[in-house]
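Take a look at the structure below.
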There are 2 protein chains.
Amino acid sequence: MLNVGSNDDRATPARIRDAAISYVGKHGWDRATSRQIAAEAGVPVGLVNYHFGSKDGLRIACDDWIIAALLEEKTMPLTTGDLPTPDTFIAAHPELLPISDYISMSMRAGGHLADHLFDSMVELTRQMLEVGADEGTFHAYDDPYAAAVVLVAYSIGASLFGDTIARSLGGTDLLAPDTYQRYVRTAVEIFTRPLFADERYLNALDTNVPPVSAKGELHKEKE
Amino acid sequence: MLNVGSNDDRATPARIRDAAISYVGKHGWDRATSRQIAAEAGVPVGLVNYHFGSKDGLRIACDDWIIAALLEEKTMPLTTGDLPTPDTFIAAHPELLPISDYISMSMRAGGHLADHLFDSMVELTRQMLEVGADEGTFHAYDDPYAAAVVLVAYSIGASLFGDTIARSLGGTDLLAPDTYQRYVRTAVEIFTRPLFADERYLNALDTNVPPVSAKGELHKEKE
DNA sequence: GTCTATATAATGATAGAC
DNA sequence: GTCTATCATTATATAGAC
């Protein structure tokens, strides 16, 4: 899949779709144009709309293809202790690497694909938390589903800001050995040695004393 | 600031800039047009480029104004045990609420403002980790700066996916009392009771057995 | 199915009256 | 400084030859 070699026996719609996934992965849908995608696919512009109807039709086709491709991959290693971060997921499935940029872009942009991926990651994480809790390797949280939701949001944040993290850590590529080691070591330490030295904040919440707002009244609206 | 009431005594450049911040906060720079921004500001299109030269000039002016506005706010409560998440920061500075959407958009899009905000949040978090470690309320991590970087990436992820988190938790608005309580309670529990039930993963890293990357070596400590 | 050429609309930016 | 009118470009989408 996503073969960009010389002997290209893919059908035209597949070539256009793969070119779109590649190009959009670098520039996003807003900045990507039908002409640029067509040029990358080596076809004239007219064929894009002939096969997909419109640019939005192409986007939907790409999203659907991504979802279908991820559904075929069910070998996520639930046995390891690693959380299903995008990094570890891609590491376990290098054949999905060409679409990883597209996925990142989609998470940034939001929308249906982002929601779908978020939900899938939550479900995977929830299962891993369950297995880990049974095995005694993971802590059994009071609200396991909510814990999965929050952990997924965290891991996506780390994924989207991989380049920024690398830069902050003095490197250029997060996957460079030194930088990646420092990053992973820190992340693992955070989930091994709790940030809060004791349970005072948790107890404050459980005794109905919200620590954020001084007046104990949560915010009303967000404009 | 960002007054959109009836008695609008702001100068025209300020009105255009505020309208841009508001509109871009909802739609992003790519989808925002000069005409729509001008319409929201109640001025003809020509004035936008007259005062800011170009659309990109307007963007730079907005970014600079945001940075300046945040620089004026130095009252981030370092004494509390709260981490400087975007939520808590906005909660501490409700006058910045009109620009929170613009900030979120900028973090999604990346670029100089996003990098600047990320670095600022890292520095704030690093200070809080230091203070908290001295006070005994926070854990003293082996690499405090890297810990701040990772925690900021996590908090931004939670911030960018606030709506998605709310939806996953069965609500529509993350700041609705029930949903927010469930979210905060879970986040606090995660940072109170470590995900990893023991130190085996941390020890595995420290004994030179990287779980993800094939070849790895222990990094040298931060400068 | 494929390709060239074109229609239509919207954009950023500017010229010039007031 | 403000506003109207317009230019030049570029985008999506389509028509029609092959």
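In what follows, chains carry the letters A, B, and so on, assigned in the order in which the sequence lines appear, proteins first and then strands, with residues in each chain numbered from 1.
- Remark: A/Phe52 pairs with no residue by the ring pair (Phe, Tyr, Trp, His ring centres under 6.0 Å) rule, at least two apart or across chains.
- Residues that satisfy the side-chain contact (heavy atoms from CB on, under 4.5 Å) test with B/Val45, not counting sequence neighbours, are B/Ser34, B/Arg35.
- For residues 44-61 of chain A, proximity to DNA chain D is found at A/Gly46, A/Asn49, A/Gly53, A/Ser54, A/Lys55, defined as any non-hydrogen atom under 4.0 angstrom from a strand atom.
- Within the structure, salt bridge (Lys or Arg N to Asp or Glu O under 4.0 Å) contacts touching residues 104-113 of chain A (residues at least two apart or in different chains) do not occur.
- With sequence neighbours excluded, no residue forms a side-chain hydrogen bond (donor to acceptor under 3.5 Å, both in side chains) with A/Tyr145.
- For A/Asp63, the side-chain hydrogen bond (donor to acceptor under 3.5 Å, both in side chains) partners at least two apart in sequence or on another chain are A/Arg59, A/Tyr102.
- Of all nucleotides in DNA chain C, those with any atom nearer than 4.0 Å to a heavy atom of chain A start and finish, going 5' to 3', at C/dG1 to C/dT6.
- Applying the ring-ring contact (aromatic ring centres under 6.0 Å, His included) definition to pairs two or more places apart or across chains, those involving residues 158-178 of chain B are A/Phe118-B/Phe161.
- Residues A/Ser168 and B/Asp119 approach most closely at OG-OD1, 3.9 Å, considering heavy atoms.
- The side chain to side chain donor-acceptor pair (under 3.5 Å) analysis of residues 36-50 of chain A, with sequence neighbours excluded, yields the pairs A/Ser22-A/Glu40, A/Tyr23-A/Gln36, A/Thr33-A/Gln36.
- With sequence neighbours excluded, no residue forms a side-chain hydrogen bond (donor to acceptor under 3.5 Å, both in side chains) with B/Thr179.
- Within residues 33-43 of chain B, the residues approaching DNA chain D are B/Arg35, by heavy-atom distance under 4.0 Å.
- Partners of A/Arg31 according to the side-chain hydrogen bond (donor to acceptor under 3.5 Å, both in side chains) rule, which considers only residues two or more places apart in sequence or in another chain, are B/Asp30.
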